[in-house]
Amino acid sequence: MARKFFVGGNFKMNGSKESIKEIVELLNKVDVPESVGTEVVISPPALYLHWAKLHLTNTAIELAAQNAYPKVSGAYTGEVSAPQIKDVGAEWVILGHSERRHIIKESDDFIAEKTVHALESDLGVILCVGETLEERESGTTIAVCTRQLDPVIAATKDWSHIVIAYEPVWAIGTGLAATPADAQETHAAIRAYLTDKIGKDQADSVRILYGGSVNGKNAKTFNDCPDIDGYLVGGASLKPEFVDIITSRS
Ligand code: PGA
């Protein structure tokens, strides 16, 4: 079964009403390739989700939040809930991004709890995993990724609304993307692990995105990697070259 090409744009804590409107207006003009079933999801800061929704007219593009607290509502100052994300018109949430794992110190278990809650609230989840440079150099890349996946595997039977993003921490925002061969090797190992844990059918159909310094030029270089089903893009998603990434596979 062919997996649909997926491109996510993670704006992180960037943008203003003006700049986000500009990006959305640019994306409104993009002819998203249908031949590979391309799905595009952009993720402005939570404050601007509604604003982006108001300006988004391209029906091929959806919205994602960058985080969701695992409660419906209540006394959780500063957090946003999955139903609130849905209420402003977003369909997805990014969870487990390395900046949340490493800067905010979110644990694997907490990320799994958030994943389960988001799925129960009918959001799709872009679940990020990936190793630091130190972990890569010590040969623990796969062990780290599988450790991050394990609590989600334990808590979730249905992976049809999860997209995995493999994002090596050393490649994020550094301009130093993984080589297609290195990324493919890790993607294949993740898929093999999932085959063992959640069954071949689900493992074959789950999308695994690559993230880390993807840009308008290098996106195409991953096209021949059979286990790379798209990209999660940070910096370049704020620039016109994001369009080249969206149209890099057709
Ligand atoms: P980058 O970020 O494309 O700027 O490297 C990717 C990400 O953090 O999702």
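Every number for a ligand or one of its atoms is a count from 1 in the order of the listing. Here the structure is a predicted model, which means the values were calculated and not measured.
- Ligand 1 places these atoms under 4.0 Å from at least one heavy atom of Gly173: 1 (P), 4 (O), 5 (O).
- Within ligand 1, the atoms closer than 4.0 Å to a non-hydrogen atom of His97 are 7 (C), 8 (O), 9 (O), numbered from 1 in the order shown.
- Ion pairing of Asp108 with Arg101 is present here, as a side-chain N (NZ or NE/NH1/NH2) and a carboxylate O approach within less than 4.0 Å.
- Interatomic distance, CG of Asn218 versus OG of Ser213, reported as 8.0 Å (0.5 Å rounding).
- Every heavy atom of Gly211 sits 4.0 Å or more from the atoms of ligand 1.
- Taking a cut-off of under 4.0 Å to the non-hydrogen atoms of Ala171, the atoms of ligand 1 that pass are 5 (O).
- The protein atom (non-hydrogen) at minimum distance from atom 9 (O) of ligand 1 is Glu167 OE2, 2.6 Å.
- Atom numbering of ligand 1 starts at 1 in the shown order; those under 4.0 Å from a heavy atom of Gly235 are 1 (P), 3 (O), 4 (O).
- The proximity of Ala236 to ligand 1, defined as any non-hydrogen pair under 4.0 Å, does not occur for either the backbone or the side chain.
- Which parts of ligand 1 touch Gly212 is read off a 4.0 Å heavy-atom cut-off, strictly below it: atoms 5 (O).
- On a distance-only criterion, Ser213 and ligand 1 share at least one N/O pair closer than 3.5 Å.
- Although no hydrogens or angles enter the test, the distance criterion places no donor-acceptor pair under 3.5 Å between the side chain of Asp196 and the main chain of Tyr193.
- At a cut-off of 3.5 Å, with distance as the only test, a side-chain donor of Asn28 or Thr57 sits close to an acceptor on the other residue.
- Taking a 4.0 Å cut-off on heavy atoms, Gly175 fails to register as neighbouring ligand 1.
- Side-chain rings of Phe222 and Tyr231 approach one another, their centers coming within less than 6.0 Å.
- Across every non-hydrogen atom of Thr141 and Tyr166, the tightest pair is CG2-OH, 3.9 Å.
- At a heavy-atom distance under 4.0 Å, only side-chain atoms of Asn10, from C-beta outward, approach ligand 1.
- Asp227 contributes no side-chain N or O that, together with a main-chain N or O of Gln184, makes up a donor-acceptor pair within less than 3.5 Å.
- With respect to atom 3 (O) of ligand 1, the closest heavy atom belonging to the protein is Gly234 N, 2.8 Å.
- A salt bridge does not link Glu241 to Lys217: none of the charged nitrogens lies less than 4.0 Å from a carboxylate oxygen.
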